[in-house]
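Note that the structure is a prediction, hence the values are computed from the model and not measured.
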Amino acid sequence: SEEVTIGNKYLNISFDSNGFLSSIVANGISSRLRQTFVYYEAALGDNKEFSNRSSGAYIFRPNGTEKFVTESVQLRVVKGNVVQEVHQVFNEWISQVVRVYADENHVEFEWLVGDIPIEDGIGKEVVSRFYTAAQSNGVFYTDSNGREMIKRTRNHRDTWDLHLEEPIAGNYYPVTAKIALEDENLRLAVLTDRAQGGSSLEDGALELMVHRRLLHDDAFGVEEALDERAFGRGLVARGKHYVLFGSKKTSNPTLQARERFLQNQVLLPTWIFLSDTSKFKYEDWQ
Amino acid sequence: GPHLNVLREAMGVMQHHDAVTGTEKQHVANDYSRMLHRAIEACGANTQIVLNQIVDPVQKKGYGKKQNHGVKRDFTFEFDTCHLLNISKCEITESKDNFMVTLYNPLAHSGYQYVRLPVSGSKYVVKDYRGIETPSQMVPIPESVQNLNYRFSNASYEVVFLANELPPLGFKSYYVSRIIESVDDFSKDSNPSVRVQADQPHFGSGWH
C-alpha cells in the first residue's frame, strides 16, 4: 500500500500504491513514467472479403477492444548492492521484473506473458505500454533492422493523404532493435531483445507487442491459426525491454549515444560458457 | 569445418521470409528449431577446442612441459552452454558446488556484463583469476518463473555479479563456489523437494 522506490546513483524509479511504475528521477529531474500491460482482442471474420479478415499470423487486426489486465499489481521488492528489483504480478498469466543494476543508467523490464487464456474463444495480442509526459506531437521513431532510426508520424504517410480504416494496426511499425519518442526536453527509448511490433498511439506513449495467441487463420496463406502450443498449452514468452529515459538537455553523453552503446551490449552480448570444476580446488583452477 | 557447415546451412534456411517473420506452419517452425539446435550443438565442439587453446597457449604449441617448469598442463575444460537460462534453469550451476563461468566478449572493445546464474544453494562466492572476490548478490527467482509448467528445476535463487573489464574479442573466467554454512543448510539445499506437477501425465511418475 506504500510507494516503493528502487534505484542507483544514476536514477530512481517509483511504484505507486497500486503497484504500477509511476515515476522516474534521472539527472536530478523527476518525471512521469508509467508502464502497464494491455491486450487487444483479435478481430474475427469470415475471410471472404479483405475488410472481413481475421487477425492472424500475417496481420495484426484488433477488433477495437482494448483491455487493461489489472487495476492493482502485486509487488515483491529485492534490494542489494549489485541489483535492485521489483517483482510484479499483474494476473495469473502476466508478470514482470523491473530491475536497476548498480552501474547501469537504464531500467530493465523482464516480462513473462502466457499461456494466454483462450477459454472465452477470443484471440489476444498483449502489449507492454509506457506513458510519459513528453509532448511528442504524433511523432515517434523506429529502427530499420538495427540501422538508422526512421521517423514515423501517427496517421500520416509522406506521399499520400491517409485515412486509416484501422487506426491501431495502421500505426504499427516493425521494431527490431529500438523505438523512441521525444519532445524538446524529454526522451524515452525502449530497446528490444527480439523483433516486435510497436507504435505510439497517443502523445508521450510507446507500446510494444510481446505475445499473441490467435484462434483463426487470416487467409493469407499459412492456413493455420497463430496458436502455438506445447504439450497442449499455449506458449509462455519471456523477454526484456531496456528503457532509457531522461532529459535531453542535461544528459552527458547524450541519450542517443547511450542508446547506441547499450544496443551494442544488448544485440552482441557476451557468450556465457559453464564448466564443471568439481575436480579442481580454486588454486588448481587458478 | 563440417560442424560449422551445419550451422551455415541452417542459417541459410533461416533466411526464408517465413522463418524471419514467423509465418511458417507450426510443424515447419518446429523443424527450424530442431535444425538450429542441432547446428548450435555441433558447433559446441569448435567452441571447446578454441577456448581450450586460448586457455593454454603453451600446450597449443606443443612445448608445455619444458616451458612450464615441469608441470604437465594436459587439462581440458568442457565448456557447456545452457539453452535454458531463459527460464532460469541450468543443470551445471544447479547441481555443482564449484563451477567456472567463462565470458567471451565478441565486441572489438572491452566491456562488461551482469551475469545471472540459477543455483540451488543460498550462498556463493565468486572469485576472478587473481583470487579477488567479486561482489555478488543472491536474488530470488520470481514465483511466476519457478511455477512455470515444464520447468523442472531446483533453483530458487540466481547468483548475480558484474563481470568487468572483459577484453575485446577475448574472455575472462570466474570461479563460483557454494558456501555451505551448516549440515542443515546442506541437507536442505541439496535435497530440495522436487516439484512434481499434477498435470504431468506425459512423462510418468519417475520424471523429475
I would like to know whether Thr47(B) and Phe273(A) meet side chain to side chain contact (heavy atoms under 4.5 Å, CB included); could you show each step before the answer?
-> CA-CA 9 Å; Thr47(B) 308; Phe273(A) 301 97; 3.0 Å; yes

List the steps and the verdict of side chain to side chain contact (heavy atoms under 4.5 Å, CB included) for Tyr101(A) and Val160(B).
-> CA-CA 10 Å; Tyr101(A) 287 108; Val160(B) 184; 3.9 Å; yes

Would Arg116(B) and Glu85(A) satisfy salt bridge (Lys or Arg N to Asp or Glu O under 4.0 Å), going step by step from the backbone distance to the final call?
-> CA-CA 13 Å; Arg116(B) 305 181 73 93; Glu85(A) 298 186 347; 2.6 Å; yes

Check the pair Cys82(B), Leu274(A) against side chain to side chain contact (heavy atoms under 4.5 Å, CB included), reporting the backbone distance first and the verdict last.
-> CA-CA 8 Å; Cys82(B) 279; Leu274(A) 298 153; 3.5 Å; yes

Would you please test Tyr114(B) and Val82(A) for side chain to side chain contact (heavy atoms under 4.5 Å, CB included) and show each step?
-> CA-CA 9 Å; Tyr114(B) 279 96; Val82(A) 180; 3.7 Å; yes

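With values rounded to the nearest 0.5 angstrom, Asp276(A) atom CG is found 7.5 Å from Ser95(B) atom OG. A distance of 8.0 Å separates CD in Gln265(A) from CG in Leu107(B), rounded to the nearest 0.5 Å. Atoms CD and CD, from Gln137(B) and Gln84(A) in turn, are 8.0 Å apart once rounded to the nearest 0.5 Å. A distance of 9.5 Å separates CD1 of Ile141(B) from NE2 of His87(A), quoted to the nearest 0.5 Å. In this structure, CZ in Arg76(A) is found 6.5 Å from CD in Glu143(B), a value given to the nearest 0.5 Å. Note that CG of Leu162(B) is 12.5 Å distant from CG of Asn81(A), once rounded to the nearest 0.5 Å.
Few gaps surround CD on Gln286(A); more than 12 heavy atoms of other groups in view lie less than 6.0 Å from it. The 12-atom threshold is not exceeded at OH of Tyr157(B), counting heavy atoms of other residues, nucleotides or ligands nearer than 6.0 Å. Counting heavy atoms of neighbouring residues, nucleotides and ligands inside a 6.0 Å radius, atom CD of Glu91(B) does not exceed 12 of them. Crowding of Tyr282(A) atom OH: a count of heavy atoms from other residues, nucleotides or ligands under 6.0 Å exceeding 12. Counting heavy atoms of neighbouring residues, nucleotides and ligands inside a 6.0 Å radius, atom CD of Glu283(A) exceeds 12 of them.
Proximity to chain B involves both the backbone and the side chain of Asp103(A), based on heavy atoms less than 4.5 angstrom apart. Both the backbone and the side chain of Glu223(A) come within contact range of chain B, judged by heavy atoms closer than 4.5 Å. If you measure heavy-atom distances from Glu228(A) to chain B, the contacts under 4.5 Å come from both the backbone and the side chain. Interface residue Leu112(A): only side-chain heavy atoms are found under 4.5 Å from chain B. Residue contact with chain A, scored on non-hydrogen atoms closer than 4.5 Å, involves the backbone and the side chain of Asp80(B) alike. In this structure, chain A has a heavy atom under 4.5 Å from the side chain of Leu166(B), while its backbone stays farther away. Proximity to chain B is limited to the backbone of Lys281(A), based on heavy atoms less than 4.5 angstrom apart. Heavy-atom distances place both the backbone and the side chain of Val83(A) under 4.5 Å from chain B. For Val222(A), the parts sitting under 4.5 Å from any heavy atom of chain B are the backbone and the side chain alike. Heavy atoms closer than 4.5 Å to chain B are found in both the backbone and the side chain of Pro269(A). Interface residue Asp18(B): only side-chain heavy atoms are found under 4.5 Å from chain A. Heavy atoms of Glu24(B) lying under 4.5 Å from chain A belong exclusively to its backbone. Contacts between Tyr112(B) and chain A at a heavy-atom distance below 4.5 Å involve backbone atoms as well as side-chain atoms. Neither the backbone nor the side chain of Ser177(B) comes within contact range of chain A, judged by heavy atoms closer than 4.5 Å. Heavy atoms of Arg99(A) lying under 4.5 Å from chain B belong exclusively to its side chain. Contact annotation for Ser136(B): only backbone heavy atoms (N, CA, C, O) come within less than 4.5 Å of a heavy atom of chain A.
Using a 3.5 Å distance cut-off with no hydrogens or angles, the side chains of Ser88(B) and Arg238(A) do pair a donor with an acceptor. No side-chain N or O of Ser275(A) forms a donor-acceptor pair with one of Glu78(B) less than 3.5 Å apart.
Aromatic ring orientation, Tyr175(B) versus Trp285(A): tilted (interplanar angle from 30° to 60°).
Between Tyr150(B) and Phe231(A), the ring center distance clears the sub-6.0 Å criterion.
For the set Ser144(B), Pro142(B), Ser173(B), the entry with the most heavy-atom pairs within less than 4.5 Å of chain A is Pro142(B). Contact count versus chain A (heavy atoms, under 4.5 Å) is highest, among Val115(B), Thr21(B), Leu51(B), Leu117(B), for Leu51(B). Interface summary for chain A: among Ile87(B), Thr93(B), Asn86(B), Asn105(B), the most heavy-atom pairs under 4.5 angstrom belong to Asn86(B). Note: Thr270(A) leads Val236(A), Val97(A), Thr270(A), Val78(A) in heavy-atom pairs under 4.5 Å with chain B. Most heavy-atom pairs under 4.5 Å with chain A: of the set Val176(B), Asp128(B), Val28(B), this distinction falls to Asp128(B).
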